[in-house]
Amino acid sequence: MSRYIIKRLLFIIPTLLLVAFIVLFIMDLTPSDPGTLILGDNAQPEAIEALNEELGYNDPFVVRYVRFIWNAVRGDLGESWQTGRSVTSTIAQRLPVTATLALGSLVFGSVIGILLGILSAVKQYSILDFFSTTLAMALGAFPSFWIGMMLILIFSLGLGWLPSFGAGGIKNFILPWATAGCFMISSLLRMTRTSMLETIRMDYIRTARAKGQTERKIITGHALRNALLPVVTVLGVSFGTMLAGTVTVETVFSLPGVGLMIIEGIRMKDVPVVTGATVVLAAMFTVLMLFVDILYAFIDPRIKARYAKK
Amino acid sequence: MNNTGTEQAILEVRGLHTIYQTDDGVVKAVNGVDFSINERETVGLVGETGAGKTTLALSIMRLLPERTGRIPEGEIIYKGENLLKADKEYMRRIRGANISMIFQDPMNALNPIMSVGDQILESLVIHNEEKRSGEELNKRVDELLELVGISAGRKHEYPHQFSGGMKQRIVIAIALACNPKLIIADEPTTALDVTIQAQVLALINDLQQKLGTSMIMITHDLGIVGKTCDKVAIMYAGEIIEFGTAEDVFNGEKHHPYTVGLFGAIPSLTSEAKRLKPIDGLMPDPTALPEGCKFHPRCPHCTEECKTGEPYLYQKGEAYIKCNLFREEK
Amino acid sequence: MDTLVKGDKLRKYFQVGPKSLLHAVDDVDVDIPRGTTLGVVGESGCGKSTLARVVLGLIPKTGGKLYFDGRDLDTLNKKEKAEYRRQMQIIFQDPYSSLDPRMSVYESIAEPLDMNHIFSKKAEKLDYIMELMERVGLAERFVNAYPHEMDGGRRQRVCIARALALNPKFIVCDEPVSALDVSIQAQILNLLMDMQDSMGLTYMFITHDMSVVKHISTEIMVMYLGQCVERAPSKELFENPLHPYTQALLSAVPKPVINRMSNTEILRGEVSNPINPPVGCRFAPRCKHCTAECTQKNFELVDQGSRHSVACRLFDQA
Amino acid sequence: MNKTTGSANGVKVVRKKKSRFREIWGRFKKNKSAIVGLVLFSIVLLMVIFADVLAPYSATIEPNIPVRLQGPSAEHIMGTDSFGRDIFARLVHGSRNSLLVGIGAVFIGMVIGGTLGAVSGYYGGKIDNIIVRITDMIMCIPMMLLVLTLVAALGSSLMNVLLAMMISNIPGYTRVVRSAVLTVVDQDYIEAAHSCGTPNRWVIFKHIIPNAIGPIIVQTTMSIGSMILNAAAISFLGMGIQPPTPEWGAMLNEARNFMIQCPYMVFFPGAAIGITALGLNLMGDGLRDALDPKLKD
């Protein structure tokens with residue numbers, strides 16, 4: 001088991017290197033350079049060129065990539081071309097907002113999604129099932145930023161119950177949580193329902209019935225744990241989607257998080273900011289997926305055994 | 001064995017009909033089945049794919065798929081009680097404790113993420129009427145594992161760590177856990193290799209002798225029937241077309257043409273025959289069964305009278321054959 | 001005797017781990033006289049299906065020599081190989097997965113003909129296909145049917161027609177009747193035997209069913225964990241089984257007579273692991289005649305006369 | 001249509017290719033929500049086709065300041081925006097851009113990703129290993145972030161959004177197609193085809209692709225919906241199609257500033273996106289059930 005974890009941890013290194021490479025490579029195509037950004041459009045071309053040279057912008061891509069990695073390993077993601085502030089400290093300042101948003105939505109979305117998914121599978125063809133599947137369909141189809149704006153219209157502007165922007169207290173987060181959680185509810189509800197329906201038809205459920213087990217215990221004791229195995233994977237993937245979705249949700253609610261930082265960076269053509277923030281979000285996602293994989297191995301004895309043998 | 005006085009039927013099935021309501025129409029899976037099983041007795045239900053054997057078993061257990069399966073008429077009497085009229089809770093207590101089942105495919109019959117010991121224990125906990133302590137129940141799990149030939153030390157292992165034959169032993173242990181009166185074994189060895197099949201059959205036979213349980217053995221293999229059964233019911237298109245003691249069916253003089261066909265189609269290990277004698281045609285479509293005797297389109301002795309109306313019921317003691325061939329010999 | 005298919009020390013290993021080799025087929029000799037049937041029996045995992053695929057060249061062999069009609073197949077060039085491939089066909093166990101669900105009966109049977117450019121005229125091709133269908137007992141009306149519209153027996157007939165399309169000399173039947181009910185099984189077995197009589201076909205018939213193999217085979221090979229443990233003419237094997245495994249196998253088959261477990265010999269234990277097997281007889285752990293010698297050296301097949309050979313310490317005169 | 005070939009003994013070989021299609025359609029039309037999806041999507045398609053009939057394109061571009069920010073009325077059934085442009089007209093013409101991006105991105109992703117997945121699944125071995133490793137790694141970057149960085153680098157325009165989404169769609173398709181191909185490759189009829197000397201390319205095109213196409217179609221239907229959503233999100237962030245070109249996400253971006261006075265400006269474009277995606281998702285679900293009816297008893 002520990003071997004498996006080590007193997008997975010080692011796999012994370014090339015993944016992160018590749019992720020950083022792709023992001024850097026794409027951002028390198030941006031028609032923007034630090035000299036122009038810092039000195040302004042009206043500066044002397046020679047001065048701009050000199051500054052670019054000084055900042056190492058003119059070095060070959062590989063050199064800059066290696067330098068980025070080397071600095072990143074030591075916790076330095078460079079400085080903003082726009083403000084000169086350290087990207088690392090900006091991220092450190094903004095990450096709590098994004099983390100609060102993401103984790104809150106994760107809890108909100110997964111609890112409601114999984115619960116409704118189980119219920120609608122157990123009561124297949126009931127009104128509850130119809131309601132849940134329709135809800136899941138709708139939440140998955142309507143854009144989350146639009147749902148966010150609708151929530152603002154109703155709860156902030158209409159009823160005046162909740163604030164519509166900024167990151168103050170819990171109240172500020174309720175609407176963003178609901179908005180970002182919507183997508184998770186949709187995908188988790190559908191996955192849980194499908195997986196549960198498949199599990200209920202398994203032979204071992206029939207064995208449990210033949211033992212005389214009660215319907216309730218069959219669901220909670222046998223079906224649920226088996227059905228949740230694939231749901232765990234989907235949980236990881238949809239958390240990643242949601243993490244990226246925080247970009248729009250933070251924009252809608254003007255939450256000063258990492259997502260908004262990326263958007264601002266793109267507008268300003270501030271390459272180090274965008275690169276740093278994107279790499280951090282992607283790294284968070286990668287680590288989370290690793291965590292999901294290990295969790296999976298712990299719940300499923302078959303997978304555990306496969307790695308224990310080796 | 002003292003058979004006298006124990007000739008008490010423990011389960012009686014009368015006029016049972018089971019249907020499935022599917023999108024493609026009503027599937028008539030079981031069409032008027034009558035039979036009974038006495039204490040310590042094994043009845044073999046024999047037939048090919050689609051004969052309705054498994055449906056019959058699931059009807060007795062009341063485990064038909066809820067949305068599609070229906071039992072429009074018939075009675076299943078266990079201990080004087082019609083199980084078809086019993087409420088769900090009563091039925092739940094019967095299952096596992098009084099009637100239990102062994103399924104065909106041991107690969108999927110066990111919960112993959114629960115240790116085998118826990119799966120046996122579960123049965124005991126559900127039907128723990130005497131309020132035995134956890135320790136006692138755990139001892140019983142060890143006992144059951146040893147009984148089916150698995151060392152008790154393996155009870156913490158998971159199903160994937162066992163071979164097919166071993167898994168079937170565990171399924172048997174679960175079925176036996178609460179000392180049921182009747183076990184329904186649905187093709188218990190079909191998924192296993194011959195030598196493992198022999199082991200499992202020997203085990204089942206052995207335990208049945210020891211524990212005095214009655215058993216319904218569902219199979220398509222007449223060889224298995226010969227090895228295990230006291231009485232035999234041959235099923236075709238949802239009906240028992242011939243019923244009798246193993247002696248009647250294997251060595252008797254009068255047989256339903258389908259029974260004759262079934263025996264004739266098996267290649268023999270002992271005699272030399274160049275050609276086999278297959279039964280012509282195919283199983284009828286269960287959504288559109290033929291009129292009259294359901295075997296008539298494939299029957300070599302078919303007459304006009306076979307095509308309409310119920311075939312003649314030839315009876316001799318407990319044995320019976322549903323065929324017009326024996327009408328004149330009343 | 002005139003041998004059609006001959007394999008010398010055929011061997012197929014699968015690499016399943018850095019240091020683990022799965023010995024699926026281990027030094028098995030095959031020879032099948034023209035016009036006869038070699039039955040191959042054994043339980044799941046004994047390597048019988050792998051052997052079939054090695055003989056057909058569907059998977060590359062790890063070692064050994066293979067001759068067809070006297071020619072070493074390894075020395076053939078690509079074109080000659082294609083020519084030989086046409087003469088060898090296969091019929092599978094599961095008629096549900098061996099036909100493309102999107103192809104009609106006509107298309108399935110026509111595929112090998114098209115691939116080998118047999119007919120240039122459509123009408124000729126159709127006539128030939130109708131003739132094939134008639135030969136395997138499929139009514140004309142099925143020519144446009146799709147696999148899901150037919151039952152298992154008819155599908156298996158389509159598979160047979162497809163295998164016969166190229167007029168092969170040799171057909172491997174890999175458990176062709178195991179998925180069928182007894183009454184249908186008998187129909188297919190009769191058909192296969194009729195085809196052999198009328199077309200002089202040579203079969204390699206793989207099955208786990210002892211009564212089927214006895215019925216159809218001229219000679220039988222018993223396999224255990226990748227090795228051939230006994231080989232004899234059909235009648236001889238059933239009357240005089242020598243290897244302890246063969247004896248147990250025959251005794252374990254339930255016969256359709258009343259027989260409440262009296263004379264069945266129950267074999268203990270289960271088939272062991274085919275990965276990196278140790279030296280010695282592979283059946284030794286389950287054998288009642290096992291001695292120390294059995295686990296120390298390998299036993300080759302030894303001829304016992306009348307084409308009967310067995311690999312066992314009890315009959316090892318060497 | 002049915003193609004027939006005559007024969008000497010009068011038997012007709014009928015090419016009834018349609019039978020399977022008809023069977024799937026039979027199951028599909030029994031599914032009410034799938035039909036709802038089909039109807040919703042058809043409405044959107046009609047809008048795309050008859051956009052010029054429903055409203056002149058000029059109405060979507062030219063400002064008409066006197067009537068700016070008017071609520072829904074008989075003249076402007078969905079009201080007007082901050083430049084006095086008719087929202088209904090912009091919605092109708094915007095459908096073309098949204099759908100173009102959605103379908104375009106999926107289609108190209110399908111061709112490239114599909115080929116990679118098919119090669120990977122069919123040949124296996126080293127190639128498979130490399131392709132799987134790389135797709136796994138790329139999929140560690142959440143798609144939206146990948147698209148955003150690409151658009152940031154390439155510049156904001158319709159073509160660049162399309163390009164960015166195409167690229168980010170490839171790994172997902174590679175995965176789906178690979179697993180679809182893997183299930184088919186295992187079937188005996190593939191081995192049967194090999195044993196009668198059928199060449200690889202024939203096996204791929206005649207057996208594997210037709211049999212693996214089901215899950216691919218389902219994936220395609222579903223991803224068009226999510227691509228439309230993503231494209232809208234990009235435009236909403238101001239990175240996609242630039243004004244005054246009508247596009248649903250971009251309309252929402254403009255509407256944001258007038259959310260308080262004119263909620264209808266927010267409502268209609270979002271509803272249009274939702275209905276399109278909903279239609280596609282319902283259709284995809286219905287198709288999956290129709291192709292694989294095993295879950296429905």
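Remember, it's a predicted structure, so these values are computed and weren't measured experimentally. Heavy atoms only: backbone and side chains are in, while hydrogens, waters and symmetry mates are out. First the proteins, then the strands, lettered A, B, ... as listed; each starts at 1.
- Counting heavy atoms from C-beta outward, B:Pro278 and C:Gln185 have side chains that stay 4.5 Å or more apart.
- For a residue to count as touching a neighbouring chain, one of its non-hydrogen atoms must lie under 4.5 Å from one of that chain's; by this rule B:Met166 touches chain C with backbone and side chain alike.
- Taking every heavy atom of both residues into account, C:Ile184 and B:Gly281 meet most closely at CD1-O, 4.1 Å.
- When each of C:Asp194, C:Val271, C:Leu189 is scored by its heavy-atom pairs under 4.5 Å with chain B, the top score falls to C:Asp194.
- Within the 4.5 angstrom heavy-atom criterion, only side-chain atoms of C:Arg154, from C-beta onward, approach chain B.
- Between chain C and the options B:Thr49, B:Asn251, B:Asp193, the largest number of non-hydrogen pairs under 4.5 Å is found for B:Asp193.
- For the atom pair CG of B:Leu276 and CD1 of C:Ile188, the computed distance is 11.5 Å after rounding to the nearest 0.5 Å.
- The part of C:Val257 that comes within reach of chain B is its backbone (N, CA, C, O), which places non-hydrogen atoms under 4.5 angstrom from that chain.
- Both the backbone and the side chain of C:Lys255 come within contact range of chain B, judged by heavy atoms closer than 4.5 Å.
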For this session: Show your reasoning for whether side chain to side chain contact (heavy atoms under 4.5 Å, CB included) applies to C:Ser183 and B:Met283.
Result: CA-CA 10 Å; C:Ser183 62; B:Met283 269 290 187; over 6 Å; no
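- The structure places CD of C:Glu270 at 9.0 Å from CG of B:Leu192, a figure rounded to the nearest 0.5 Å.
- Residues C:Ala186 and B:Ala265 share a closest heavy-atom pair of CB-O, 3.7 Å.
- If you measure heavy-atom distances from B:Gln197 to chain C, the contacts under 4.5 Å come from the side chain alone.
- By the 6.0 Å contact criterion, NZ on B:Lys28 is open, its count of non-hydrogen atoms from other residues, nucleotides or ligands being 12 or less.
- With a 4.5 angstrom heavy-atom cutoff, B:Val194 touches chain C via backbone and side-chain atoms both.
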For this session: Tell me, with the steps shown, if B:Glu48 and C:Val182 meet side chain to side chain contact (heavy atoms under 4.5 Å, CB included).
Result: CA-CA 8 Å; B:Glu48 296 178 281; C:Val182 269; 3.9 Å; yes
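- When heavy atoms are compared at a cutoff of 4.5 Å, C:Asp151 approaches chain B solely by way of its side chain, counted from C-beta outward.
- Between B:Gln199 and C:Gly269, the closest heavy-atom pair is NE2-O, 2.9 Å.
- Across B:Val249, B:Leu222, B:Leu282, B:Asp221, the residue that shares the most heavy-atom pairs under 4.5 angstrom with chain C is B:Leu282.
- Scanning all heavy atoms of the two residues, the minimum distance from B:Pro267 to C:His215 falls at CB-CB, 3.8 Å.
- The number of heavy atoms from other shown groups lying within 6.0 Å of CD (B:Glu146) is above 12.
- Looking at B:Asp206, neither its backbone nor its side chain comes within 4.5 Å of chain C, counting heavy atoms on both sides.
- Across every non-hydrogen atom of C:Glu43 and B:Ile196, the tightest pair is OE2-N, 4.2 Å.
- Distance check: B:Leu262 CG to C:Asp181 CG gives 9.0 Å after rounding to the nearest 0.5 Å.
- Listed options C:Asn190, C:Leu249, C:Leu250, C:Ile216 were ranked by heavy-atom pairs under 4.5 angstrom with chain B; first place goes to C:Asn190.
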